[in-house]
Number of protein chains: 2
Amino acid sequence: MPAISAKGMKMPASPIRKLIPFAEEAKKRGVKIYYLNIGQPDIETPSVALEAVRNFDMKVVEYSHSAGIRKYREKLADYYDRNGIHVTADDIIVTAGASEAILFAMNSCMDTGDEIIIPEPFYANYNGFAINSGVVVKPIPSSIDNGFALPPIAEFEKAVTPKTKAIMICNPNNPTGYLYSDEELITLRDIALKHDLYLFADEVYREFCYDGERHKSVMHLEGLDENTVLIDSVSKRYSACGVRIGAMISKNKKLMATAMKFAQARLSPPTLGQVAAEAALETPDSYFDKVLKEYHARRNVVVSSINNIKGAFCPNPKGAFYVVARLPVDNSDKFCQWLLEDFSWENQTVLLAPATGFYATPGKGTDEIRISYVLNVNDLKMAMNCLEEALKVYPGRTI
Amino acid sequence: MPAISAKGMKMPASPIRKLIPFAEEAKKRGVKIYYLNIGQPDIETPSVALEAVRNFDMKVVEYSHSAGIRKYREKLADYYDRNGIHVTADDIIVTAGASEAILFAMNSCMDTGDEIIIPEPFYANYNGFAINSGVVVKPIPSSIDNGFALPPIAEFEKAVTPKTKAIMICNPNNPTGYLYSDEELITLRDIALKHDLYLFADEVYREFCYDGERHKSVMHLEGLDENTVLIDSVSKRYSACGVRIGAMISKNKKLMATAMKFAQARLSPPTLGQVAAEAALETPDSYFDKVLKEYHARRNVVVSSINNIKGAFCPNPKGAFYVVARLPVDNSDKFCQWLLEDFSWENQTVLLAPATGFYATPGKGTDEIRISYVLNVNDLKMAMNCLEEALKVYPGRTI
């Protein structure tokens with residue numbers, strides 16, 4: 001039997017999904033599960049997007065341009081313009097989700113053995129994309145104690161080597177919900193310029209900011225046009241994860257010409273998804289007002305519930321729809337599995353993501369979990385009750 | 001400015017698309033262009049597929065399972081069963097087109113510097129996927145003189161090194177239209193087993209066989225379950241290139257578990273495309289009867305027209321919707337560009353793909369072109385007239 005690749009052996013299994021079989025077993029026993037493990041929102045996709053799909057009237061579902069349908073890219077450029085991000089249709093390559101945008105960016109900028117610095121905890125799949133591209137992730141630590149703010153410059157300086165080609169951030173952050181400040185972005189710019197690095201910014205949660213905060217993009221930074229690569233997606237913005245439409249955006253012409261070669265090799269992004277995404281740009285503000293109000297209320301439930309649990313701590317992040325919380329447990333992997341295998345309260349339990357999967361450094365995150373607040377407020381309250389009750393009886397509790 | 005990756009520099013620009021700017025210039029001068037360069041069929045997508053899209057009634061366009069919607073995979077397994085390919089839903093990972101299936105297969109089986117043997121000419125993007133995965137393509141020659149049959153075993157034996165991990169074929173073939181025989185597949189099996197290699201087979205043109213021939217799949221081969229990887233796509237079968245739905249299929253459990261990790265990292269294949277693809281499985285036989293009759297007639301027009309041109313030669317391939325023909329020209333790249341820049345006949349001209357882009361060996365294919373017969377018979381006749389007239393006056397003609 002031919003061998004599996006070393007790369008394939010190194011690929012991590014999805015840390016968010018590994019507990020799903022245990023959840024399915026619990027369901028078979030009749031236990032109700034609150035799924036707080038993955039970022040699949042329950043929010044409805046805007047009706048303008050769904051209607052556009054239902055009105056699809058082409059006779060042939062053709063390939064689109066490899067960079068995406070021109071009209072969609074033009075409207076997308078207008079959307080960015082409204083967000084203070086001044087790009088044209090030619091600065092945009094439409095991709096199969098942010099995932100493909102990250103792969104294009106890594107492959108265009110980095111070779112086997114090159115390094116990318118990412119503050120940890122970080123979105124677990126960055127690791128998979130890095131392995132896919134032969135790239136080595138150099139994590140630098142952010143800490144729950146200051147809400148997962150940008151690590152100090154000294155940490156970046158320590159991590160930079162001659163092989164470092166890029167820094168990557170997610171802002172607002174998955175998994176922490178942290179929203180970077182102007183000052184933090186300027187720090188990143190200075191490091192990128194000093195060491196001649198690319199700055200990849202995954203900004204798919206741009207719209208999800210709370211407490212009156214506004215998102216600042218790396219594309220707002222002056223003097224960094226050749227270095228910045230914006231990674232985007234409509235998945236979360238319009239609760240349309242299944243359309244698989246993202247984008248890689250940069251004003252660096254040489255980089256985009258290179259990425260286009262990868263885009264041409266795979267022919268085109270999904271046509272039907274682009275139809276939905278283009279129409280979604282007409283989503284009324286009232287949709288976002290409602291959605292943001294909803295997420296804001298959910299965050300408040302989660303954060304205050306956790307902080308009311310003895311020995312638990314949750315920062316109050318300003319963005320996205322995730323929190324990373326510290327729990328009084330010996331081992332978050334064991335705890336999350338125990339919740340499904342050995343625990344129920346009023347015949348209910350909760351599926352959480354152990355935070356270990358979001359750290360590249362072994363041993364980190366063992367007392368932290370990530371919660372995606374993608375359920376309604378009532379369900380979240382019940383889920384938080386489950387968590388509180390569980391922590392009273394979990395054999396590995398530390399207080 | 002940070003550097004572009006070496007990998008990015010090595011990526012070939014699409015050989016099929018590089019002449020498009022010249023075609024656009026010709027169009028601006030009022031010249032009608034017959035586009036025979038790309039595999040975008042003009043055939044209508046089956047109405048069952050389009051109706052399923054129009055009837056999409058979910059409120060949220062969610063991620064599907066990373067391996068694809070279970071029900072779709074089950075129906076797909078039934079489709080394969082009807083084609084003598086006995087697989088289950090668990091042997092299938094639904095992908096964003098055949099492109100992603102090839103990337104998953106290469107990444108799961110091969111590391112940087114590993115080698116894959118591919119008979120040339122071959123589908124140009126295999127090269128791009130290989131560079132993307134750090135894999136080296138070792139071309140072995142097939143020849144127009146015997147219709148691009150499988151190269152002799154001796155050529156494979158010469159190409160095998162300790163770094164060889166796989167052989168890849170496309171059957172029926174893009175760009176040549178060649179359909180492999182039972183005997184040729186058995187030869188491939190023996191080589192794969194002898195050297196413990198994977199055998200990747202891109203069979204996206206399975207349905208497109210002419211002159212009463214039937215397609216034989218690598219999955220029909222006995223004793224090769226651990227080695228074979230079937231690459232598939234609905235793009236051509238249902239003239240639905242834009243849905244971006246393909247599949248990677250293998251009975252090798254360890255390989256599929258590895259590929260699943262790559263699939264999970266990118267979350268899911270397109271949901272809307274899967275809706276179309278699932279419905280397309282209900283396409284009536286009458287659709288294929290009509291389509292096959294049409295392509296058969298087109299092939300006959302193209303092959304006989306070319307063979308009527310003095311000094312030109314075209315084999316009569318049994319499958320797909322491509323031919324590679326030899327023309328009496330000094331240089332097919334120059335000729336194809338000249339057709340757009342300096343030639344028109346009755347204010348019409350033709351966009352062909354120079355075959356050089358389908359060879360990995362420099363200097364090969366310089367008197368060959370690929371034609372995709374994706375236009376109706378009348379247009380094809382006009383296009384062939386253009387070609388014949390062009391060859392009478394092309395300054396670089398060799399007879």
Side-chain angles (χ1 to χ4, degrees), chain A residues 1-2 4-8 11-14 17 40 42-45 50 53-54 56 59-64 96-97 99-100 107-112 125 128-129 132 134 165 196-198 226-227 239-244 254-255 258 261-262 264-273 276, chain B residues 1-2 4-8 11-14 17 40 42-45 50 53-54 56 59-64 96-97 99-100 107-112 125 128-129 132 134 165 196-198 226-227 239-244 254-255 258 261-262 264-273 276:
Chain A
M1 180 179 149
I4 298 299
S5 65
K7 191 191 285 184
M11 275 293 283
S14 169
R17 289 163 197 252
Q40 169 60 60
D42 59 332
I43 303 289
E44 289 187 9
T45 308
L50 295 171
V53 172
R54 290 186 202 116
F56 182 78
K59 297 269 189 210
V60 188
V61 189
E62 292 190 359
Y63 291 123
S64 76
S99 302
E100 191 179 61
N107 280 321
S108 301
C109 300
M110 285 181 275
D111 288 300
T112 302
N125 289 322
F129 301 133
N132 200 319
K165 293 289 153 64
D196 204 20
L197 305 176
Y198 288 105
E226 298 295 316
N227 305 63
S239 193
C241 299
V243 300
R244 308 313 297 131
K254 202 169 159 191
L255 175 62
T258 304
K261 295 191 286 182
F262 290 96
Q264 286 188 343
R266 64 67 163 124
L267 305 167
S268 92
T271 297
L272 297 171
Chain B
M1 181 180 148
I4 298 299
S5 66
K7 190 191 284 185
M11 275 294 285
S14 169
R17 289 161 196 253
Q40 169 59 61
D42 60 332
I43 303 289
E44 289 187 12
T45 309
L50 295 171
V53 171
R54 289 186 203 117
F56 182 78
K59 298 270 187 207
V60 188
V61 189
E62 292 189 0
Y63 292 123
S64 76
S99 302
E100 192 179 59
N107 280 321
S108 301
C109 300
M110 285 181 275
D111 288 299
T112 302
N125 289 323
F129 301 134
N132 199 320
K165 294 288 155 66
D196 204 20
L197 305 176
Y198 287 105
E226 298 295 315
N227 305 65
S239 193
C241 300
V243 300
R244 308 313 297 129
K254 203 169 158 190
L255 175 61
T258 304
K261 295 191 286 180
F262 290 96
Q264 286 188 343
R266 63 66 163 127
L267 305 167
S268 93
T271 297
L272 297 171

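Lettering follows sequence order; numbering is per chain, from 1. Small disclaimer: the values here were computed from a predicted structure and weren't measured.
- Interface summary for chain A: among I43(B), L197(B), N132(B), T112(B), the most heavy-atom pairs under 4.5 angstrom belong to N132(B).
- Your options are C109(A), G128(A), P2(A), and the one with the most heavy-atom pairs under 4.5 Å with chain B is P2(A).
- If you take CD on E100(A) and CD on E100(B), they are separated by 7.5 Å, rounding to the nearest 0.5 Å.
- Residue S99(A) touches chain B through its side chain alone, counting heavy-atom pairs closer than 4.5 Å.
- Shown here for K7(A) and N107(B), the closest heavy-atom pair between the two residues is NZ-OD1, 2.9 Å.
- With rounding to the nearest 0.5 angstrom, the CE atom of M1(B) is 5.0 Å from the CD atom of E226(A).
- Residues passing the salt bridge (Lys or Arg N to Asp or Glu O under 4.0 Å) test with D196(B): none are found, sequence neighbours excluded.
- Taking chain A as the reference chain and counting heavy-atom pairs below 4.5 Å, the highest number among C241(B), A13(B), P12(B), G8(B) is found for C241(B).
- The closest donor-acceptor contact from the side chain of Q40(B) to the backbone of Y63(A) lies under 3.5 Å.
- For R244(A), the part lying under 4.5 angstrom from a heavy atom of chain B is the side chain only.
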Test side chain to side chain contact (heavy atoms under 4.5 Å, CB included) on D42(A) and V60(B) and set out the steps. CA-CA 7 Å; D42(A) 59 332; V60(B) 188; over 6 Å; no

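- When each of T258(A), T271(A), D111(A), L272(A) is scored by its heavy-atom pairs under 4.5 Å with chain B, the top score falls to D111(A).
- Residues satisfying the salt bridge (Lys or Arg N to Asp or Glu O under 4.0 Å) test with K261(A), not counting sequence neighbours, are none.
- Per-residue counts of heavy-atom pairs under 4.5 Å with chain A were compared for S239(B), A6(B), A240(B); the largest is that of A6(B).
- Only the backbone of S108(A) comes within contact range of chain B, with at least one heavy atom under 4.5 Å from a heavy atom of that chain.
- When G134(B), P269(B), P270(B) are compared by the number of non-hydrogen pairs under 4.5 Å with chain A, P270(B) comes out ahead.
- Of the two parts of M110(A), only the backbone, made up of N, CA, C and O, holds a non-hydrogen atom closer than 4.5 Å to a non-hydrogen atom of chain B.
- Heavy atoms closer than 4.5 Å to chain A are found in both the backbone and the side chain of R266(B).
- Only the side chain of L50(A) comes within less than 4.5 Å of a heavy atom of chain B; its backbone N, CA, C and O stay farther away.
- Remark: T45(B) OG1 to F56(A) CZ distance equals 7.0 Å, nearest 0.5 Å.
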